[in-house]
Structure formats: structure tokens, C-alpha cells
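Naming: A, B, ... by sequence-line order, numbering from 1 per chain. All figures in this text were calculated on a predicted structure; none of them were measured in a lab.
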Amino acid sequence: MKSRFAPSPTGCLHIGGARTALFAWAWAKKQKGSFVLRIEDTDVERSTQKSVDAILDGMNWLGLDYDEGPFYQTQHFERYKAVIRQLLDEGKSYYCECSKERLSNLREELIAKGEKAMYDGCCRNKGLSFDHHKVVRFKNPTNGVVVFNDAVKGKISIANKELDDLIIARTDGMPTYNLTVVVDDHDMGITHVIRGDDHINNTPRQINLYQALNWNLPEFSHLPMILGSDGARLSKRHGAVSVMAYRDAGFLPEALLNYLVRLGWSHGDKEVFSLDEIVSLFDLKDINKAPASFNEEKLLWLNQEYIKNATPEYLIKHLEWYLNNQEISTHNGPALVLVVESLQQRSKTLLEMVEGLKMFYQDFDVFDEELANKQFQDKVPLKALVKKLKQLDTWKSDEIKIIIKQVCDELGIGFGKVGQPFRLALSGNGNAGNIDTVAELIGEETTLKRLDRAIKYEC
RNA sequence: GUCGCCUUCGUCUAUCGGUUAGGACCCAAGGUUUUCAUCCUUGUAAGAGGAGUUCGAUUCUCCUAGGCGAUACCA
């Protein structure tokens with residue numbers, strides 16, 4: 001058994017492509033088969049090396065490892081030419097000299113008449129010979145019905161009269177998509193073609209090609225599309241569509257993968273799947289037929305679940321990228337493991353976590369004005385706090401907590417009246433966890449320094 | 001326009017003819033908590049519409065509507 005992911009390098013790896021890759025990958029792993037990565041770069045006009053790299057990076061970040069490839073279609077030109085030659089020799093294809101103008105006029109005419117825009121077979125029986133201005137068209141059967149059993153959609157049938165003679169080689173000799181997929185899927189021994197359902201309409205054409213070549217058909221699985229929140233096909237205007245943009249936004253790859261696998265697939269009521277569980281539980285028969293809308297809130301929830309349950313060490317591994325990016329050094333400060341631990345329950349993304357850990361390693365310039373004017377109005381609690389903290393022997397969170405309580409008791413005020421300004425004094429923005437833990441981690445010197453600054457703050 | 005595919009809470013989904021139609025996200029309320037967050041409890045909310053088939057349809061069939069896709073010398 002062998003499946004493949006076959007993106008065209010005309011942009012980065014996007015959400016939809018990643019899910020297609022994930023499903024093809026999961027099915028191959030589940031079947032103990034092989035997963036192939038094939039770059040479909042026959043459109044040399046639009047394909048770029050940058051896109052190839054972006055796709056590879058995305059696959060790598062997601063952890064979708066391939067057993068074979070990456071293969072590049074541009075390296076298979078000779079093979080495609082040979083197949084086209086064979087089709088021509090066997091009378092299953094022909095040269096066509098119709099100009100693009102004639103074709104577009106024809107299209108307009110047909111549409112105006114309310115008919116389906118198709119090539120009219122003008123050159124089909126002309127017996128034209130090779131020349132550099134001609135394309136090669138495949139003689140699609142003119143009658144009968146192509147029927148195939150899609151593993152997710154079920155039985156699909158399209159009449160041959162709805163299909164025209166498709167171009168398999170351009171005027172410059174370059175083969176086109178429908179020919180190259182068939183040739184490569186056959187040559188590589190792909191048994192399961194798993195792709196987006198925008199390819200359903202191409203499938204009967206490809207099946208006709210398989211048959212003309214006397215090749216065995218693979219099994220087809222057409223995945224429903226991923227839509228944006230407005231029901232339109234997911235695109236840039238819905239926000240981030242690139243996989244790497246989610247990395248940049250602080251998502252863990254397994255959270256994204258978990259979210260993606262649940263888009264169009266389910267296993268009872270189970271929501272959280274480890275990579276191993278995805279592989280062992282995945283089944284093509286559980287894939288939905290209907291398109292699904294991308295919902296970032298649920299992704300965020302999953303990401304938080306993963307952050308909460310990960311080990312600090314694992315998070316640090318991922319955090320390093322953001323830390324380097326923002327040039328944050330964590331060497332002069334509390335142990336990163338402890339800081340990360342203190343932030344795990346309160347970070348939806350790694351980016352939030354980075355924001356939260358800054359206060360332990362960097363000083364801030366100003367207090368949040370609105371909060372400071374409120375919290376630092378009354379300096380008495382802070383002054384009392386400082387006085388007592390200075391007398392502390394061991395700088396430990398439980399000791400600090402006791403002191404805060406003492407201040408509360410002495411002044412006859414609630415914990416919030418002391419804890420809140422204390423929190424703001426240390427963080428600058430009020431975003432911090434257990435204040436005693438934070439104070440312990442931040443250290444005596446810095447804590448007292450920041451408290452002093454808070455006391456001097458002029459409302 | 002034509003062809004194809006699709007249609008359960010706002011969103012992701014369960015249900016393989018008989019259920020008070022279940023779970024998750026979101027939202028709301030309450031509890032725990034030193035704010036927030038976490039955690040716990042509870043709540044709101046769905047079978048596109050219409051015909052059949054059947055003792056019984058969310059589930060099977062057909063029609064309509066809507067959505068998406070394809071109609072490229074893109075993939």
C-alpha cells in the first residue's frame with residue numbers, strides 16, 4: 001500500500017494541503033505502507049523554489065515524514081513524453097492546432113447557448129502532424145459513463161459526453177497535470193490517491209487515461225474542502241492559511257494536527273488525539289463527505305490543552321525559536337523550567353507564554369497607565385509589604401504568601417488589595433500568576449526594586 | 001449556464017430505521033481560587049424544505065432550495 005501527497009509549489013503549505021497530507025500520511029502509517037511526497041512542478045511559470053522550500057519546511061515542522069521523495073515532476077519529462085508519444089502512436093491522442101482565440105470564442109458561444117463549455121473536437125480527425133504550435137489532446141471516449149467508487153464519497157458517475165478531449169501536452173511540449181498525475185501515480189505504484197474533492201471532476205478524465213494506457217486504477221479518496229467561517233473556500237482573506245503562520249502565532253504542531261484531523265474525520269466522541277492515536281485510529285471510512293469550516297477558537301483550545309499537558313522541557317524546545325526570534329535571553333534569571341511551569345495553565349499559545357516570561361528576564365519601562373493609576377493610588381499596602389519583605393530570611397513563595405496575609409490582617413484589607421498592586425508592580429501589566437511564586441522566581445533584589453518603583457509612581 | 005459533490009446545535013461532530021438526538025469548542029450562570037487562568041457543576045442551542053417507502057424515519061428513495069467545486073495550453 002502506498003499513498004502520496006502531491007502539492008504544486010505555487011505557494012506555502014496551507015491548512016487545506018496540510019490536512020490532505022495528514023490524511024494520506026496517517027493512512028499509509030496505519031496500513032504500514034509507504035508515504036510519498038511528490039512536488040508537482042510542471043507549471044514552470046508558477047512554480048518556485050521558494051514554494052518548494054516552504055512546503056518542505058511545513059511538512060518538517062508538522063512532523064509528517066515521508067518514506068519516499070521528494071520527487072519532482074520536472075525530472076520526469078522524458079517519461080511523460082514517451083507516454084504521450086505512445087498515446088499518439090496508438091491513435092489515442094492527436095495534435096490540435098486550434099488557437100487560444102478560437103477556443104475562447106467557442107467557450108463564449110457555448111455558454112451563451114446555455115451549453116457546457118467544452119472543446120468541440122475540431123482537430124480530432126484531421127490527422128495533423130507535429131509542429132511547435134500544436135498541443136496534444138487525448139481522445140476521451142465519446143459515450144458511456146465513467147463510474148468509480150470513491151472511498152469517502154461513495155459511487156460517483158460522470159458521463160463521457162460531459163468530458164472533452166483534454167490537452168495533455170502544451171505547445172511547448174510540457175505535459176499537463178492530468179497526464180502527469182496518472183503517469184506518476186502509476187509509475188510510483190500509488191495504491192491510494194487521497195486528495196481534495198476539487199479533483200473529483202478530474203478523476204473520470206484520469207480514469208480514461210489509465211484505461212487507454214491499460215494500467216490498474218488506484219483507489220480514490222476525495223476529501224471535503226475546508227471552508228472559512230463564512231462558508232467560502234478557505235483563503236487568505238480568512239486570515240492565516242499558511243501552516244507556518246500558525247507556528248509563528250505560537251501553535252504546537254501536534255495541536256494543529258489534532259485540530260486538522262478532526263476536520264472531516266472523527267472517532268466517536270474523542271477530541272484529543274496523540275500522533276500515535278491518529279495513526280492507530282484513523283480510517284478512511286470515518287471521513288465525512290461534507291465540507292468543514294475552520295474554527296480558530298477550537299484550535300486555540302486544543303493548543304492550550306497541549307500546552308497544559310506538555311512537559312516544560314518539551315515546551316522549552318519549541319520556545320527556543322520564539323526566544324531567539326525576539327532576542328530574549330533567559331540565562332540571567334530563574335530557571336526557565338520553573339517559569340514555564342508557572343505559565344502552562346495560563347497560556348493559550350507559545351507566544352502568550354513568551355509574553356508572560358519576559359517579566360522574569362527583562363525589565364519593563366513603564367507600568368500600564370490605567371492599571372497603575374488605580375492600583376498604585378494607595379501606597380500604604382505596598383510600603384507595608386516592602387517593610388516586611390525586607391525582614392524576610394528565606395525568599396520562598398510560602399513565606400512571601402504569609403507576609404502578604406500579614407499585611408492584609410494588619411491593615412484590615414482583603415488579599416486583592418495587596419496582591420493586585422504587588423502583581424502589577426512586578427509585571428508592569430498585571431498579567432501574572434500566583435504572586436508569591438512569581439516573586440520567588442523573580443528574586444528578592446528585582447522584586448524589591450520593582451516595588452520601590454511602584455511606590456514612587458505618581459498617579 | 002452546464003456537470004459533479006454536499007446539507008444534524010453558531011462551529012467541529014456522534015447516530016450504521018426505534019435515543020429525552022450524545023460529545024467538544026464558543027457563550028451564559030454558579031462553585032473553587034490572591035485578580036486572571038486552571039479546575040468542577042449546570043444551562044442555551046440542531047436533523048434545509050417537500051413528497052414518498054415503512055408499524056416507525058435524522059438515518060432509505062425522489063424532488064426543490066441552498067452551499068461548495070469543476071468547467072484553463074493551473075494543479
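Across A/R137, A/R124, A/K139, a single residue satisfies side chain to side chain donor-acceptor pair (under 3.5 Å) together with A/D165, and that is A/R124. Between A/V146 and the choices A/T203, A/I156, A/N160, the side chain to side chain contact (heavy atoms under 4.5 Å, CB included) rule is met once, by A/N160. Test A/F273, A/Y259, A/F23 against A/W265 for ring pair (Phe, Tyr, Trp, His ring centres under 6.0 Å) and you get one pass: A/F273.
Regarding A/H14, its NE2 atom lies at a distance of 15 Å from the P atom of B/rA75, rounded to whole Å. To the nearest angstrom, P of B/rC5 lies 12 Å from CG of A/N149. Summarising the geometry, the separation between CZ on A/R262 and C1' on B/rC12 is reported as 6 Å, rounded to the nearest angstrom. Counting to the nearest Å, the P atom of B/rA37 and the CE atom of A/M353 are 17 Å from each other. Atom NZ of A/K270 is separated from atom P of B/rC25 by 14 Å (rounded to the nearest Å). For A/D286 and B/rU13, the CG to P distance is 12 Å, given to the nearest whole Å. Remark: P of B/rU11 and CZ of A/F294 are 16 Å apart, rounded to the nearest angstrom. Rounded to an integer number of Å, the gap from CZ of A/F422 to C1' of B/rU35 is 14 Å.
Residue A/K116 has its side chain nearest to B/rU2 when only B/rU2, B/rC26, B/rA75 are considered. Relative to the side chain of A/M225, the nucleotides B/rC68, B/rU35, B/rC12 differ in distance, and B/rC68 lies closest. If you check B/rC3, B/rC25, B/rA72 against the side chain of A/R107, the one that comes closest is B/rA72. Looking at the side chain of A/L227, the nearest of the listed nucleotides B/rC68, B/rC12, B/rG22 is B/rC68. In this structure, of B/rC73, B/rC26, B/rU38, it is B/rC26 that holds the atom nearest to the side chain of A/E297. For A/W301, the side-chain atoms get nearest to B/rC25 when compared with the rest of B/rC73, B/rC6, B/rC25. Between B/rU11, B/rC6, B/rC73, one nucleotide has an atom nearer to the side chain of A/K289 than all others, and that is B/rC6. Of the listed nucleotides (B/rC39, B/rG69, B/rA24), B/rC39 has the atom at the smallest distance from the side chain of A/E305. Listed candidates were B/rA75, B/rC73, B/rU34. Nearest to the side chain of A/I435 is B/rU34. Checked against B/rC3, B/rG69, B/rU34, the side chain of A/N434 finds its nearest nucleotide in B/rU34.
Heavy atoms of other residues, nucleotides or ligands lying less than 6.0 angstrom from NZ of A/K383 number 12 at most. A/K348 NZ: 12 or fewer foreign heavy atoms inside a 6.0 Å radius. A 6.0 Å sphere centred on NZ of A/K270 holds more than 12 heavy atoms belonging to other residues, nucleotides or ligands.
A/N258 and A/Y306 share a donor-acceptor pair across their side chains, judged by distance under 3.5 Å alone. In this model, a donor atom of one side chain and an acceptor atom of the other lie less than 3.5 Å apart for A/D53 and A/Q49. Side-chain contact check for A/D41 and A/Q73: no donor-acceptor pair (N or O, by modelled atom type) lies under 3.5 Å.
In this model, the phosphate group of B/rA75 is approached by a side-chain N or O of A/R170 to a distance below 4.0 Å at OP1 or OP2. Between A/R233 and the phosphate of B/rA70, there is a side-chain N or O to OP1/OP2 separation shorter than 4.0 Å. One finds a side-chain N or O of A/S266 lying less than 4.0 angstrom from the OP1 or OP2 phosphate oxygen of B/rA14. Remark: A/S293 is in phosphate contact with B/rC12, judged by side-chain N or O atoms under 4.0 Å from OP1 or OP2.
Contacts of A/A6 with the nucleic acid, taken as non-hydrogen atoms under 4.0 Å apart, are absent. Residue contacts for A/E115: at a heavy-atom cut-off of 4.0 Å it reaches a base atom on one of the strands shown. At the heavy-atom level, A/G196 lies nowhere under 4.0 Å from the strands shown. Looking at heavy-atom distances under 4.0 Å, A/A117 makes contact with a base. Within the nucleic acid shown, A/K308 comes within 4.0 Å of sugar-phosphate atoms alone, with no base atom in reach, counting heavy atoms only. Note on A/H199: a base of the nucleic acid sits closer than 4.0 angstrom, heavy atoms only. Among the heavy atoms of the strands lying under 4.0 Å from A/T171 is at least one base atom, whether or not backbone atoms are also near. Residue contacts shown for A/I200 are limited to sugar-phosphate atoms, with no base heavy atom under 4.0 Å away. No engagement by A/T180 is indicated, since no non-hydrogen atom pair under 4.0 Å with the nucleic acid exists. Within the nucleic acid shown, A/N431 has no heavy atom closer than 4.0 Å to any nucleic acid atom. Nucleic acid contact for A/K113: none, since no nucleic acid atom lies under 4.0 Å from a heavy atom of the residue. Within 4.0 Å of A/D172, counting heavy atoms only, lies no atom of the nucleic acid at all.
In terms of polar N and O atoms assigned as donor or acceptor, the side chain of A/D197 never comes within less than 3.5 Å of the base of B/rG69 in a complementary pairing. Under 3.5 Å, the side chain of A/N202 and the base of B/rA75 form at least one donor-acceptor pair of N or O atoms. At a cut-off of 3.5 angstrom, counting only N and O atoms as typed in the model, there is no donor on one side facing an acceptor on the other between the side-chain of A/N201 and the base of B/rG4. No hydrogens or angles were tested; on distance alone, a donor-acceptor pair under 3.5 Å links the side chain of A/R423 to the base of B/rU34. In terms of polar N and O atoms assigned as donor or acceptor, the side chain of A/E271 comes within less than 3.5 Å of the base of B/rG23 in a complementary pairing.
Pairing of B/rC16, defined by two Watson-Crick or G-U wobble distances under 3.5 Å, is not identified with any nucleotide. Taking a pair to require two hydrogen-bonding distances under 3.5 Å in either a Watson-Crick or a G-U wobble arrangement, B/rU59 remains unpaired. For B/rU41, the paired base is B/rA29 (Watson-Crick or G-U wobble, both distances below 3.5 Å).
Using a 4.0 Å cutoff on non-hydrogen atoms, the parts of residues 40-58 of chain A near RNA chain B are A/E40, A/T42, A/D43, A/R46, ordered by number.
Taking the charged nitrogens against the carboxylate oxygens, A/D120 and A/R107 have no contact shorter than 4.0 Å, which rules out a salt bridge. A salt bridge does not link A/D436 to A/K405: none of the charged side-chain nitrogens sits closer than 4.0 Å to a carboxylate oxygen. Using a 4.0 Å cut-off between charged nitrogen and carboxylate oxygen, A/R38 and A/D185 count as a salt-bridge pair.
Of the residues near RNA chain B, A/C98 and A/A292, the one whose nearest nucleotide (by heavy atom distance) lies more toward the 5' end is A/A292. Nearest-nucleotide mapping onto RNA chain B: of A/K153 and A/I167, the residue sitting toward the 5' end is A/K153.
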Name the pairs: protein N/O against N/O of nucleotides 44-47 of chain B, kept only if under 3.5 Å.
none

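Using bins of under 30°, 30° to 60° and over 60° for the plane-to-plane angle, the ring pair A/H222/A/F220 lands in the parallel bin.
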Could you walk me through whether A/E440 and A/K396 satisfy the salt bridge (charged side-chain N to carboxylate O under 4.0 Å, His left out) test, starting with their C-alpha distance in whole Å, then the side-chain angles of each, then the deciding distance to 0.1 Å, before giving a yes or no?
CA-CA 6 Å; A/E440 180 189 326; A/K396 283 278 172 204; 3.7 Å; yes

